[in-house]
Amino acid sequence: MATQEILKENVKGAPMVLQNIIFPALQSVIPEELYFRALNEKVELFRAAPETLSFHAGGRAAFDTYFNGITVERWRELCAIENLNLTLEGNGKFIVRFGLHQLALPHRWLFEQTVELQEGTPVSLDLPFWAGLGWNVACFICG
């Protein structure tokens with residue numbers, strides 16, 4: 001069975017994790033910018049396991065990076081995804097934004113929602129814009 005068929009079979013009727021946001025480990029020499037971009041000095045990475053990102057009030061970070069960017073075109077090619085959601089864990093109040101990057105076109109915002117996280121209670125956000133996409137999507141989180 002081809003990879004495309006395996007992925008399509010796995011997503012029918014049951015939620016499936018397609019991608020996790022990852023961070024560099026303590027001993028990693030890979031630049032942090034390949035994982036996330038801190039958009040101001042109010043974001044701090046803790047590399048000791050479990051790797052976490054801490055947002056101070058007003059902190060902003062983007063995940064449109066090599067390791068954490070979402071390539072919609074590739075997902076559409078390999079998977080039969082009808083609905084998409086983002087699950088977040090942590091503590092604090094955040095604004096989550098998704099934007100669309102397309103070559104030679106201006107950046108376009110697709111989604112914005114304020115989220116209040118409590119330790120140990122994951123929050124899942126439905127991403128209704130998914131059906132109309134075909135390019136790279138960027139996720140921005142502001143604390």
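Throughout, residue positions are numbered sequentially from 1 according to the sequence presented.
Considering all non-hydrogen atoms of both residues, Asn40 and Gly59 come closest at OD1-CA, 3.5 Å. When all heavy atoms are compared, the tightest approach of Ala38 to Val43 is CB-CB, 4.0 Å. Minimum heavy-atom separation, Ile95 to Glu112: CG2-CG, 3.6 Å. In terms of heavy atoms, Thr87 sits closest to Ser124 at OG1-OG, 3.5 Å.
Rounding to the nearest 0.5 angstrom, the gap separating the CD atom in Gln113 from the CG atom in Leu86 is 10.0 Å. Once rounded to the nearest 0.5 Å, the distance linking CZ of Arg47 with CG of Leu53 reads 11.5 Å. Residue Thr121 holds its OG1 atom at 9.0 Å from CD of Glu89, rounded to the nearest 0.5 Å. The NZ atom of Lys42 lies 13.0 Å from the OG atom of Ser54; values are rounded to the nearest 0.5 Å. To the nearest 0.5 Å, the span separating NE2 on His101 from CZ on Arg108 amounts to 12.0 Å. Atoms CG and CD1, on Leu88 and Ile21 in that order, are 6.5 Å from each other to the nearest 0.5 Å.
Using the six-membered ring where Trp is involved, Phe36 and Phe63 have ring planes that are tilted, between 30° and 60° apart.
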Applying side chain to side chain contact (heavy atoms under 4.5 Å, CB included), run through Leu125 and Asn85 and close with a yes or a no. CA-CA 5 Å; Leu125 304 175; Asn85 68 53; 5.7 Å; no
Candidate pair Leu18 and Leu84, rule side chain to side chain contact (heavy atoms under 4.5 Å, CB included), full reasoning: CA-CA 10 Å; Leu18 289 177; Leu84 194 64; 4.3 Å; yes
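Evaluation of the salt bridge (Lys or Arg N to Asp or Glu O under 4.0 Å) rule for Glu51 yields no partner, not counting sequence neighbours. Scored by the ring pair (Phe, Tyr, Trp, His ring centres under 6.0 Å) test, Phe67 finds Tyr35 as partners (sequence neighbours excluded).
The neighbour count for Gln19 CD, taken as heavy atoms of other residues, nucleotides or ligands under 6.0 Å away, is above 12.
Between the side chain of Asn20 and the backbone N or O of Ile22 there is no donor-acceptor pair closer than 3.5 Å.
At a threshold of 4.5 Å between non-hydrogen side-chain atoms, the residues Val123 and Glu116 do not count as touching. Residues Pro24 and Leu45 form a side-chain contact, since some pair of their non-hydrogen atoms from C-beta on lies under 4.5 Å apart. The shortest side-chain heavy-atom distance between Ile70 and Phe98 falls under the 4.5 Å cut-off. Taking 4.5 Å as the limit, every side-chain heavy atom of Glu33 sits out of range of all side-chain heavy atoms of Thr65. Between Ser28 and Phe23, every side-chain heavy-atom pair lies at or beyond the 4.5 Å cut-off.
A continuous path of hydrophobic side-chain contacts links Ile30 to Tyr66 [ILVMFWY only; heavy atoms under 4.5 Å].
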